[in-house]
Amino acid sequence: MRDPFLVPPGPLVDVAWLAAHAGDPRVRVVDCRWYLGGRRGADEYARGHIPGAVHLDVDADLSSPAQGGPGRHPLPDAAAFARVLARIGVIPGSLVVGYDDAGGAIAARLWWLLRYFGHPGGRVLDGGLQAWTSAGHPLSTEAPTIAEAPAMDLAPGGAPVADKAAVDRLRRDSAAVILDARARERYEGQTEPVDARPGHIPGARSAPFAENLSAPGGAFRERAELERRYRDLGALDAATVVCYCGSGVTACHDLLALTTLGREDAILYEGSWSDWARDAALPAARGPEP
């Protein structure tokens with residue numbers, strides 16, 4: 001008889017599967033809630049989280065210090081990320097299910113990092129915390145006690161990454177598509193709440209991560225709808241696809257959507273707009289797509 005633990009082959013799991021398997025020692029549930037300003041994910045976690053979940057913070061756990069690399073959320077190095085995973089008990093055979101309250105926009109960063117460092121067990125809870133509570137499942141305020149695991153020997157390279165020089169070349173390449181996962185008003189330069197200047201990379205196409213979802217903060221759209229979306233963006237037929245956002249976090253949501261469609265070779269621009277915008281030698285475009 002097939003082990004039901006092996007059922008979710010893709011990057012998403014649904015609430016029914018997680019509810020049935022959250023207590024399995026092979027499953028580690030991770031609360032990834034994080035906010036650009038004001039609220040703290042750790043505080044929201046303390047108020048209530050999926051039972052058994054641990055909390056990881058984008059700044060402290062899923063990035064290196066900003067001064068250590070490009071943009072606001074540089075990628076952690078392999079040893080640092082291995083220590084984070086060890087702290088929450090992740091071993092090579094673990095299934096690591098991340099969730100948030102933003103439709104997977106933050107949890108996708110954890111999923112992508114696991115891929116990047118060669119761990120195949122990353123998953124995202126489709127619909128996140130809202131889907132869990134809407135299904136009638138309880139929350140807990142108790143932080144679990146988890147034995148630290150041995151640190152794994154991780155290596156980068158399991159998912160492709162680009163720097164600003166590569167993106168500057170690719171934006172001139174007619175066979176490449178660059179997708180901007182930020183909200184349209186930031187892409188158009190109507191507002192810029194955090195980075196050095198408004199606008200977008202010239203030639204990039206607006207692909208807000210929120211439009212991957214059936215409703216704000218909800219589950220992913222049906223596969224056929226996602227396929228239409230990314231085909232219209234040119235991302236399914238392009239030789240090269242690069243995704244960026246403000247700092248390399250929510251771009252992972254577009255990468256997650258593309259992965260569900262079989263486009264696993266799409267590239268993350270690590271520093272994203274926070275890296276590009278602070279280099280005055282690089283151009284910026286404003287307004288809607290032509």
Side-chain angles (χ1 to χ4, degrees), residues 1-34 41-42 44-58 61-62 76 81-154 158-159 217-220 252-253 256 259-260 264:
M1 182 176 179
R2 190 181 181 193
D3 184 348
F5 179 78
L6 301 176
V7 165
L12 299 173
V13 299
D14 61 22
V15 163
W17 190 92
L18 185 60
H21 296 89
D24 191 306
R26 294 171 289 187
V27 176
R28 179 66 62 234
V29 184
V30 181
D31 186 309
C32 299
R33 281 178 284 178
W34 177 86
E44 298 302 317
Y45 169 83
R47 292 187 184 100
H49 52 264
I50 293 176
V54 297
H55 182 261
L56 291 182
D57 180 73
V58 166
D61 302 312
L62 305 182
F81 192 58
R83 289 192 295 272
V84 168
L85 296 180
R87 191 180 79 232
I88 63 171
V90 173
I91 60 175
S94 296
L95 194 82
V96 184
V97 180
Y99 75 88
D100 54 43
D101 57 2
I106 312 303
R109 169 79 168 202
L110 173 61
W111 161 82
W112 187 91
L113 283 174
L114 287 160
R115 276 188 70 210
Y116 178 68
F117 286 115
H119 194 296
R123 300 292 188 277
V124 172
L125 178 62
D126 197 13
L129 191 67
Q130 296 93 318
W132 179 266
T133 56
S134 294
H137 298 298
L139 299 180
S140 172
T141 57
E142 182 178 343
T145 300
I146 295 173
E148 185 164 334
M152 292 178 285
D153 185 14
L154 302 179
F220 272 79
C252 294
H253 200 271
L256 176 60
T259 295
T260 68
E264 299 184 14

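In what follows, every heavy atom counts, from backbone to side chain, and hydrogens, waters and symmetry copies are set aside. None of these values were measured; they are calculated from a predicted model.
- Taking Trp111 as the reference, nothing meets the ring-ring contact (aromatic ring centres under 6.0 Å, His included) condition, with sequence neighbours excluded.
- In this structure, Leu12 CG and Thr259 OG1 are separated by 9.5 Å, a value rounded to the nearest 0.5 Å.
- Remark: aromatic rings of His119 and Phe81 are distant, center separation not under 6.0 Å.
- Under the 4.5 Å side-chain criterion, counting only non-hydrogen atoms from C-beta, Val124 is not in contact with Val13.
- Remark: the backbone N or O of Thr133 is not paired with any side-chain donor or acceptor of His137 at under 3.5 angstrom.
- For Arg33 and Asp57, the salt-bridge test fails: no basic side-chain N is under 4.0 Å from an acidic carboxylate O.
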* Asked: Step by step, would you call Leu95 with Arg123 a side-chain contact (heavy atoms from CB on, under 4.5 Å)?
  -> CA-CA 7 Å; Leu95 194 82; Arg123 300 292 188 277; 3.9 Å; yes

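- In this structure, the separation between CG on Leu62 and CG on Leu113 is 6.0 Å, given to the nearest 0.5 Å.
- Interatomic distance, CZ of Arg115 versus SG of Cys252, reported as 9.5 Å (0.5 Å rounding).
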* Hey, mind stepping through Tyr99 and Val29 against side-chain contact (heavy atoms from CB on, under 4.5 Å) and telling me if it holds? -> CA-CA 8 Å; Tyr99 75 88; Val29 184; 3.8 Å; yes

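- Put simply, the side chain of Leu56 does not reach to within 4.5 Å of the side chain of Asp31, judged on heavy atoms.
- Using a 4.5 Å cut-off on side-chain heavy atoms (C-beta onward), Met152 and Leu85 make contact.
- One distance of note links SG of Cys32 with CG of Leu129; it measures 11.5 Å at 0.5 Å rounding.
- Side-chain atoms of Arg109 and His253, non-hydrogen and from C-beta on, never get closer than 4.5 Å to each other.
- Counting all heavy atoms, side chain and backbone alike, Pro51 lies closest to Pro138 at CD-O, 3.4 Å.
- Looking at heavy atoms from C-beta onward, Trp132 lies in side-chain contact with Leu139 at the 4.5 angstrom threshold.
- A side-chain donor-acceptor contact under 3.5 Å links Asp100 to the backbone of Ile106.
- At least one side-chain heavy atom of Thr260 sits less than 4.5 Å from a side-chain heavy atom of Pro11.
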* What do the steps show when you test Phe220 against Leu256 for side-chain contact (heavy atoms from CB on, under 4.5 Å), and what is the final call? -> CA-CA 10 Å; Phe220 272 79; Leu256 176 60; 3.6 Å; yes

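- His49 places no side-chain N or O within 3.5 Å of a backbone atom of Glu44 that could act as its donor or acceptor partner.
- Without hydrogens or angle criteria, Ser94 side chain to Val96 main chain gives no donor-acceptor distance under 3.5 Å.
- In this structure, Asp101 CG and Tyr45 OH are separated by 14.5 Å, a value rounded to the nearest 0.5 Å.
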* Asked: Given the rule in the side-chain contact (heavy atoms from CB on, under 4.5 Å) test, do Arg28 and Val97 qualify, once you have shown the distances and angles that lead to the verdict?
  -> CA-CA 6 Å; Arg28 179 66 62 234; Val97 180; over 6 Å; no

